[in-house]
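Every chain is numbered from 1, with letters handed out A, B, ... down the list of sequences.
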Amino acid sequence: MPHLYLVDGSGYIFRAYHRLPPLTNKHGEPVGAVYGYTTMLWKLVDELHTADGPTHMAVVLDKSSKSFRNEMYDQYKAHRPPPPEDLVPQFPMIRDATRAFSLPCIDEEGWEADDLIASYAKAALAQGWQVTIVSSDKDLMQLVEDGSLDLYDTMNNRRLGREAVIEKFGVEPAKLGEVLALMGDSVDNVPGVPGVGPKTAAKLILEHGDVEGVLAAAPDMKKGKLRDNLIEHADMARLSRKLVTLACDVPLPHALEEMELQGIPDAPLRAFLEHHGFKSLLAKLSAVADAPVATPAVPGAPEAEADPPCDHDAYETVTDAARLDHWIQIARHQGFVAIDTETTGLDATRADLVGVSLALHPNLACYIPVGHGGSDMFAERPEQIDRAVVVAKLKELFEDPSVLKIGHNLKYDMIVLGRLGIAVAPYDDTIVMSFDLDAGLHGHGMDELAATHLAHSCIAYKDVVGTGKKQLGFGEIDLKSATRYAAEDADVTLRLWRRLKPRLTFEGGTRVYEMVDRPLPAVIAGMESAGVKVDPDLLARLSTDFAHQIAALEEQVHAIAGFKFTIGSPKQLGDVLFDKMGIKGGRKGKSGVYSTDVNELERIAADKDSPGREMVAKVLEWRQLSKLKSTYTDALQAQINPATGRVHTSYSLTGAQTGRLSSTDPNLQNIPIRTEIGRQIRDAFVAEPGNVILAADYSQIELRLAAHIADVPQLRDAFARGDDIHNMTAQELFGEVNRDTRGRAKTINFAILYGISRWGLAGRLDVSADEAQGMIDRYFERFPGINRYIADTLTEAKARGYTETLFGRKTHFPRLKSPNPNERAGSERAAINAPIQGTSADIIKRAMARMGPALAAAGLPDTRMLMQVHDELVFELPEGDVTRATEVIRHVMATAAEPAVTLSVPLGVDVGTGKSWGAAH
DNA sequence: TGAATCACG
DNA sequence: GACGTACGTGATTCAA
């Protein structure tokens with residue numbers, strides 16, 4: 001007779017987590033619960049062919065924390081703390097483990113694992129099967145039937161049948177629901193009746209049959225607290241009765257036959273165990289290698305078969321609502337869908353939706369046009385579903401918590417869809433996944449990834465819309481061509497996801513993906529959509545002001561030269577200074593042009609005897625003003641979005657190899673601050689009336705992280721005391737603290753982080769290479785952790801080809817093995833810096849991900865995060881909220897590493913506010 | 001399109 | 001012994 005084992009995976013993993021020590025695997029991922037779960041599954045599967053062993057098995061999990069019970073009672077499970085942070089990344093691994101055993105993994109939105117277990121159990125019993133539920137959950141004990149259904153607690157190795165239930169609760173399993181209802185449950189927040197515990201509940205039920213019987217009998221009971229409580233809380237008792245009732249009629253997506261157990265599969269299980277380095281289990285696997293072998297294909301595992309090539313003619317153009325419903329229905333059923341949007345432009349904050357594509361499986365993809373034709377009055381508008389209908393239908397799918405949306409650079413789509421009222425969740429982003437796996441090895445654009453991973457060359461956008469004057473908007477493309485291009489994008493995205501997702505697990509990328517990067521696309525989409533207000537009048541005033549000064553300087557420079565030339569041309573300027581005016585010491589670069597950068601010009605300006613002193617000073621001033629005008633005051637005005645009156649930058653999540661963000665169009669991460677004249681530009685970044693700008697920045701975060709990572713006690717103590725770190729370094733290195741030694745110490749502190757050479761330091765400090773070497777030696781002597789860190793980091797980077805941050809972010813350095821010594825040396829310096837810069841980036845990203853929820857929880861929904869500048873977050877908020885917001889922001893930033901990483905140095909956060917960004921500093 | 005320059009952390 | 005000299009970015013301008 002078939003014997004079905006239903007494993008309560010969710011219940012198990014929580015118990016395993018708390019019972020087992022916090023193990024980590026070789027990738028630094030927490031795996032304690034996964035290890036416990038794997039051994040448990042194995043033990044069960046091993047019992048196939050034994051007397052009471054399973055013939056069929058499935059694992060049942062909770063899909064989300066919400067179920068139909070929350071609709072009955074909004075307080076249900078309301079006091080449950082979120083799962084521990086180092087347990088969260090283990091949830092996907094539990095699914096990996098289950099797949100490695102080729103077992104079905106069952107979860108359904110809106111239902112708890114208990115309901116699914118009850119429903120499958122009933123279905124199996126109805127066919128005359130034997131059922132064992134692997135769990136120790138008391139709610140599931142309601143299902144026990146003498147001789148046909150029992151519970152199995154693998155942690156104590158105990159089976160639990162009718163007798164055990166009676167012993168534990170004093171009633172038959174069939175009456176257990178009545179008892180549980182009266183008792184209530186503080187963990188799940190089932191109210192029950194106050195003052196009624198297991199003993200009283202059992203007594204009452206034995207006497208009166210069920211909850212209704214007890215409530216009916218209450219008025220006749222002897223006066224006392226119990227009677228009063230039963231009468232007063234009758235409604236809560238009835239509600240509790242419903243809450244503890246298991247749903248036995250959930251639609252069942254998996255046939256019981258699919259759950260047939262084949263034995264221990266070799267290849268996928270071996271790959272899984274090797275990935276985590278579960279050595280004892282690997283040994284065990286080798287011992288059972290001759291056992292019956294199942295041969296399932298693990299989707300996306302390294303040995304997975306290649307997908308068929310993209311078939312552009314297989315893609316469907318969806319132009320009627322019924323077909324759209326059909327696609328949505330399959331996506332719902334499948335639980336994941338790749339998506340992509342086509343729009344009228346590149347700037348997500350302005351672009352309008354033209355169409356959406358979906359992909360469900362390789363070559364199973366469609367394009368839903370909504371904005372084709374229309375703009376051209378001569379062309380006929382091709383048949384399309386009404387835009388509002390598409391938006392409404394897609395909103396339901398894209399917001400469905402049980403359907404994973406997969407996109408490539410989803411941030412873009414989120415901004416476009418966000419303006420249509422659609423909030424995409426949950427999601428995976430393949431550009432982020434690729435970055436977390438392969439930063440430093442190659443780019444992460446879709447076309448490049450398709451070529452690298454799928455040996456596929458995507459249709460070029462330019463080939464669809466043309467270039468130059470003849471370039472068309474995507475809405476002007478005929479539906480056939482549009483479908484071929486757009487659906488391919490979704491198809492390729494899906495294919496990439498199938499490749500990359502398992503690699504995250506197998507290569508240790510899950511930790512940084514889940515703990516740092518995954519939340520970022522949504523967070524940054526919010527920041528970009530919000531934008532920042534700039535004062536165009538102030539910028540215009542600065543522009544004219546600068547223009548006048550530039551014109552005056554230009555005239556003076558030409559007068560000194562005696563003729564006109566283009567000051568902005570380094571080539572002409574070099575010729576004027578070094579050839580025509582005969583200034584000595586000109587250095588030509590490889591392109592044969594004299595160097596005229598600031599260092600060179602300042603050198604000339606410092607030389608009292610140089611004939612070019614006057615001109616050079618004016619050129620330097622001219623350069624500064626030209627830069628400010630062209631790059632900032634002029635450009636920024638042009639970047640104001642007329643619809644919002646604000647500037648919306650675009651952050652790249654994959655721009656910097658170390659994990660930092662980068663900012664473009666415009667770059668808001670290089671707005672001047674170091675000189676007074678440039679700083680004025682920050683005054684143009686302003687708050688709306690009634691609001692203020694708040695800037696919060698980490699103080700010396702990279703040096704603090706260096707102190708922690710390299711384990712330098714002196715630096716750690718200095719930060720713990722709150723000392724000025726550059727003063728302290730000056731004291732250590734030079735024996736006295738003054739402006740000069742502090743400045744030098746500061747230079748050296750940074751230089752060390754960047755892996756500088758003695759010549760580099762010599763150039764910076766204007767001393768000889770020998771003197772510079774002396775300072776470096778002294779530094780290493782005073783802070784002995786530092787050279788050990790540098791040596792260890794390089795050794796490891798060379799052996800593995802990559803470095804890692806405290807959160808497991810990898811940065812690859814293929815050029816560490818370059819035959820070119822310069823390239824090699826450059827990579828070595830970058831590798832020394834990457835763990836520090838990267839960890840800093842990880843920490844502020846975690847702060848950003850937590851900031852929205854933390855502000856909302858504190859009742860500060862109007863505090864908006866607008867910008868990130870590597871170690872600084874900028875907010876706009878109502879004046880009255882400053883005090884409370886400051887507290888929340890400071891706390892979130894200071895604790896952002898925890899609990900995943902415990903730092904041995906505190907993280908300091910400086911906060912300032914004002915009407916403008918300039919005033920907030 | 002690449003080099004040079006310079007703005008930021 | 002020569003090489004070329006700090007990590008990470010993006011925008012603008014010139015010149016080919």
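- Within the structure, salt bridge (Lys or Arg N to Asp or Glu O under 4.0 Å) pairs that include any residue of residues 699-711 of chain A comprise A/Arg660-A/Glu702, A/Asp711-A/Arg716 (at least two apart or interchain).
- Atom CD1 in A/Ile677 sits roughly 14 Å away from atom C1' in B/dA7 (whole-Å rounding).
- Looking at heavy-atom distances under 4.0 Å, A/Asp697 makes no contact with the nucleic acid at all.
- Taking atom C1' on both nucleotides, C/dC3 is separated from B/dA7 by 30 Å, rounded to a whole Å.
- Residue contacts for A/Pro821: at a heavy-atom cut-off of 4.0 Å it reaches no nucleic acid atom on any strand shown.
- The salt bridge (Lys or Arg N to Asp or Glu O under 4.0 Å) pairs that include a residue from residues 797-814 of chain A are A/Asp436-A/Arg809, A/Asp517-A/Arg809, A/Glu796-A/Arg800, A/Lys798-A/Glu828, A/Arg800-A/Glu804, A/Arg809-A/Asp842, where partners are two or more places apart or lie in different chains.
- Counting heavy atoms from C-beta on, the side chains of A/Ile431 and A/Leu653 never come closer than 4.5 Å.
- Comparing B/dT5 with C/dT5, their P atoms are spaced 13 Å from each other, to the whole Å.
- At whole-Å resolution of the value, CH2 in A/Trp917 and P in B/dC8 are 11 Å apart.
- Atom CG of A/Asp634 and atom C1' of B/dA7 are 15 Å apart (whole Å).
- Within 4.0 Å of A/Glu872, counting heavy atoms only, lies no atom of the nucleic acid at all.
- Between A/Arg603 and A/Glu600, at least one side-chain N (NZ, or NE/NH1/NH2) sits under 4.0 Å from a carboxylate O, which counts as a salt bridge.
- Close to B/dT5, at under 4.0 Å from its OP1 or OP2, lies a side-chain N or O of A/Thr596.
- Here A/Asp724 pairs with A/Arg742 under the side chain to side chain donor-acceptor pair (under 3.5 Å) rule; sequence neighbours left out.
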Original post:
How does DNA chain C look in dot-bracket form if you count Watson-Crick and G-U pairs under 3.5 Å, write [ ] for pairs that cross, and put | where a base pairs with another strand?
Top reply: ......|||||||||.

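- Rounding to whole angstrom units, CD1 of residue A/Ile673 and P of B/dA7 are separated by 14 Å.
- Under the rule for a side chain to side chain donor-acceptor pair (under 3.5 Å), A/Thr811 has no partner lying at least two apart in sequence or in another chain.
- A/Ser663 comes within 4.0 angstrom of sugar-phosphate atoms only, judged by non-hydrogen atoms across all strands, and of no base.
- Take A/Phe783 and apply the ring-ring contact (aromatic ring centres under 6.0 Å, His included) test, not counting sequence neighbours, and it matches A/Tyr779.
- Within residues 744-773 of chain A, the residues that have a heavy atom under 4.0 Å from DNA chain C are, in order of number, A/Thr747, A/Phe750, A/Ala751, A/Tyr754, A/Ile756, A/Ser757, A/Trp759, A/Arg764.
- The stretch residues 620-630 of chain A comes close to DNA chain C through A/Lys627, A/Ser630, each having a heavy atom under 4.0 Å from the strand.
- Under a 3.5 Å cut-off, the side chain of A/Glu823 and the backbone N or O of A/Pro819 do not form any donor-acceptor pair.
- Among the protein residues, A/Glu702 comes within range of no part of the nucleic acid, since none of its heavy atoms lies under 4.0 Å from any strand.
- Counting non-hydrogen atoms under 4.0 angstrom, A/Arg660 reaches a base of the nucleic acid.
- Residues passing the side chain to side chain donor-acceptor pair (under 3.5 Å) test with A/Tyr698, sequence neighbours excluded: none.
- The stretch residues 781-795 of chain A participates, sequence neighbours left out, in these salt bridge (Lys or Arg N to Asp or Glu O under 4.0 Å) pairs: A/Glu732-A/Arg782.
- Taking atom CD1 of A/Ile567 as the reference point, atom P of B/dC6 lies 13 Å away to the nearest angstrom.
- Scanning for salt bridge (charged side-chain N to carboxylate O under 4.0 Å, His left out) contacts around A/Arg350 gives A/Asp347, with sequence neighbours left out.
- Classified by interplanar angle (parallel below 30°, tilted 30° to 60°, perpendicular above 60°), the ring pair A/Tyr594/A/Phe578 is tilted.
- B/dC6 and C/dG1: their P atoms are spaced 37 Å apart (whole Å).
- Taking the centre of each ring, A/His558 and A/Phe563 stay at or above the 6.0 Å mark.
- Relative ring orientation between A/Trp917 and A/Phe685 is described as perpendicular, the plane-to-plane angle rising above 60° on a 0-90° scale split at 30° and 60°.
- For A/Ser626 (side chain) and A/Trp622 (main-chain N/O), a donor-acceptor pair under 3.5 Å exists by modelled atom type.
- Rounded to a whole Å, the CG atom of A/Asn667 is 7 Å from the C1' atom of B/dC8.
- Nucleotides of DNA chain C with any atom under 4.0 Å from a heavy atom of chain A span, from 5' to 3', C/dC3 to C/dA15.
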